[in-house]
A.B. asks: 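The structure is given below, and queries will be raised subsequently.
As the structure lists them, so they are numbered: ligands from 1, and atoms in each ligand from 1. Throughout, residue positions are numbered sequentially from 1 according to the sequence presented. Not measured: the values here are computed from a predicted model.
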Amino acid sequence: MYLVFRCDCGRALYAKEGVATRKCVCGKTLKVKERRIFKNVETAEDAVYVVQQMQEENYGKTGFTTADSIKFHRRF
Ligand SMILES: [Zn+2]
């Protein structure tokens, strides 16, 4: 099982279940148990896929932000 979660900087990360901490590229070390888990998946491939989806959601959109998309992001 792999856990997918977000860093405070907004990046999506994944960790194998049972791993205590995960370091984000922003330099912050996250305690996996204290994060709100976005998704549990079975394989590393699935975890990578979910992370990519989350990243695209963050950075892949065109330059403007609507009220709707802010509401959407806050659910996570
Ligand atoms: Zn980060």
A.B. asks: Spell out the protein N/O/S atoms under 2.8 Å from the Zn ion (ligand 1) as residue plus atom name.
C.D. replies: C7 SG, C9 SG, C24 SG, C26 SG

A.B. asks: With sequence neighbours left out, what residues match N40 under side chain to side chain donor-acceptor pair (under 3.5 Å)?
C.D. replies: none

A.B. asks: Only pairs at least two apart or in different chains count here, so list each side-chain hydrogen bond (donor to acceptor under 3.5 Å, both in side chains) that has a residue in residues 14-24.
C.D. replies: none

A.B. asks: What pair of heavy atoms forms the shortest contact from Q55 to A12, and how long is it?
C.D. replies: OE1-N, 3.3 Å

A.B. asks: My understanding is that only residues two or more places apart in sequence, or in another chain, count here; which of them pass side chain to side chain donor-acceptor pair (under 3.5 Å) with T29?
C.D. replies: none

A.B. asks: As an exercise, state the distance from CZ of R36 to CZ of F5, rounded to the nearest 0.5 Å.
C.D. replies: 13.5 Å

A.B. asks: Atom NZ in K28, atom CG in L30: separation rounded to 0.5 Å?
C.D. replies: 6.0 Å

